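The block underneath contains the structure these notes are about, expressed in structure tokens.
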Amino acid sequence: MIKILTDSTAYIPKEYLEQEDIKVIPLRVLFEEEEFDEGLPGSYDAFFEKFTKNKVFPKTSQPSLLDFVNCFNEIIDNDDEAIVFTISASLSGTNSVAILAKNQCKDPEKITIVDSKSACQNTWGYIMECVDMIKAGKSREEIVAAVEALQENSSICFVPDSLEYLARGGRIGKVSATIGSILQLKPILKFKKGVLGCEKKTIGINKAILDIVSMIPKNIKRLFIIHIANSKFFELLKEKLVGKFEGVPTFEGEIGPVVAAHIGPAIGVAWIC
């Protein structure tokens, strides 16, 4: 049987993981001299309570080689095979560690590593598609080919609440962040096929939300409305999406400490297309 594994940056709710028997290997977070597994959605409140009030910048790290090897061997010992999704190789070394672990496990031929070329709920969307294809009797090769086709048009977009965290993480300069804050500048960050860029800059959150909604293609298969650190603008984004994509499976999602460390509180959308 084909099993699905992913790292914690897919941010899949516990209920879905248990329902579909999906294994999660966590990335690690170092914050205020404490190191911990990232965890699952619904468990981030204590971290964000400190994170949004603290000038200490979190550090993140990939899972260990042994974490992956042990998990792969357990699957092989059960006479199963696996498709493994990782956060984009352009963002983390997690994919490289997974590949090394595949080469060191008991039967590498039973393990397929997939670079999501994305993160967060995009990965969850790919996994949903995988679950459907596994139930339909598709092979690993057929499933991976289908996911690669989806990656061509799927994407994730964020609007940060402020530019402070991008500046603290070195993504933009402090002068740019200050000017942006004075002007209420809102960048729309888009991540697609492993490339993160600023899709557009606009003035004010209302205009930014309208812009981000307008970027969503009409022919999407799944839509995710997402937030980091309970952004105060999340309800506003949901209101603007009401009635826009009727008939499209739509999910709300929470993003955890690893991605939050680089963006800060934010709202966004992700879609599978």
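When a residue number appears, it is its place in the shown sequence, counting from 1. Remember, it's a predicted structure, so these values are computed and weren't measured experimentally. Computed from heavy atoms alone, side chains included, the values below leave out hydrogens, waters and symmetry copies.
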Can you find a heavy atom in the side chain of [X] that is under 4.5 Å from one in the side chain of [Y]?
| X | Y | result |
| --- | --- | --- |
| V114 | Y126 | no |
| K135 | E20 | yes |
| F234 | I225 | yes |
| W271 | V248 | no |
| L236 | N206 | yes |
| L189 | P160 | yes |
| H262 | T60 | yes |
| D115 | Q151 | no |

*asked:* Taking ring pair (Phe, Tyr, Trp, His ring centres under 6.0 Å) as the cut-off, I'd like each qualifying pair that reaches into residues 77-124, sequence neighbours left out, listed once.
replied: Y16-W124, W124-F224, W124-F251
Do [X] and [Y] sit in one hydrophobic cluster, given that two such residues count as connected whenever their side-chain heavy atoms are within less than 4.5 Å of each other, even indirectly?
| X | Y | result |
| --- | --- | --- |
| V24 | L5 | no |
| I99 | I87 | no |
| I156 | V195 | no |
| I205 | L210 | no |
| L17 | V84 | no |

Which pair of heavy atoms, one from [X] and one from [Y], lies closest together, and at what distance?
| X | Y | result |
| --- | --- | --- |
| P63 | I25 | CB-CG2, 3.6 Å |
| I113 | A98 | CD1-O, 3.8 Å |
| I209 | F233 | CD1-O, 4.3 Å |
| V258 | R28 | CG2-O, 4.4 Å |
| A146 | M133 | CB-SD, 3.6 Å |
| S88 | G194 | OG-CA, 3.6 Å |

*Is D132 paired with R222 through a side-chain N to carboxylate O contact shorter than 4.0 Å?*
yes
_One thing to verify: whether K232 and D161 come together as a salt bridge, which I'm taking to mean a side-chain N less than 4.0 angstrom from a carboxylate O._
no
How long is the straight-line distance from [atom2] of [Y] back to [atom1] of [X], given to the nearest 0.5 Å?
| X | Y | atom1 | atom2 | result |
| --- | --- | --- | --- | --- |
| I255 | S231 | CD1 | OG | 11.0 Å |
| C157 | K200 | SG | NZ | 11.5 Å |
| L27 | D7 | CG | CG | 5.0 Å |
| I267 | L237 | CD1 | CG | 4.5 Å |
| N122 | I127 | CG | CD1 | 11.0 Å |
| I4 | T112 | CD1 | OG1 | 11.5 Å |

Does [X] have more than 12 heavy atoms from other residues, nucleotides or ligands lying within 6.0 Å of its [atom1]?
| X | atom1 | value |
| --- | --- | --- |
| D79 | CG | no |
| E35 | CD | yes |
| K240 | NZ | no |
| K138 | NZ | no |
| E74 | CD | no |
| E32 | CD | yes |

*asked:* Please identify which of these residues, R140, K110, K102, K3, meets the salt bridge (Lys or Arg N to Asp or Glu O under 4.0 Å) condition with E81.
replied: R140
*Sequence neighbours left out, what passes side chain to side chain contact (heavy atoms under 4.5 Å, CB included) with E15? Give chain and number order.*
P13
*Would you sort out whether V97 and T86 count as a side chain to side chain contact (heavy atoms under 4.5 Å, CB included), showing the intermediate values?*
CA-CA 10 Å; V97 175; T86 72; over 6 Å; no
*asked:* Does K186 form a side chain to side chain contact (heavy atoms under 4.5 Å, CB included) with K201? I'd like the steps, not just the answer.
replied: CA-CA 6 Å; K186 297 292 182 184; K201 298 176 183 177; over 6 Å; no
*side chain to side chain contact (heavy atoms under 4.5 Å, CB included) between I226 and Y11, intermediate numbers included*: CA-CA 10 Å; I226 53 184; Y11 302 122; over 6 Å; no
*asked:* Looking at C273, is its backbone amide N or carbonyl O close enough to the side chain of S154 to form a donor-acceptor pair, meaning the two atoms are under 3.5 Å apart?
replied: yes
*Under the side chain to side chain contact (heavy atoms under 4.5 Å, CB included) rule, what do K244 and I216 come out as? Steps first, then yes or no, please.*
CA-CA 10 Å; K244 295 285 187 181; I216 306 171; over 6 Å; no
*Check the angle between the aromatic planes of F72 and F68 and answer parallel, tilted or perpendicular using the 30° and 60° thresholds.*
tilted
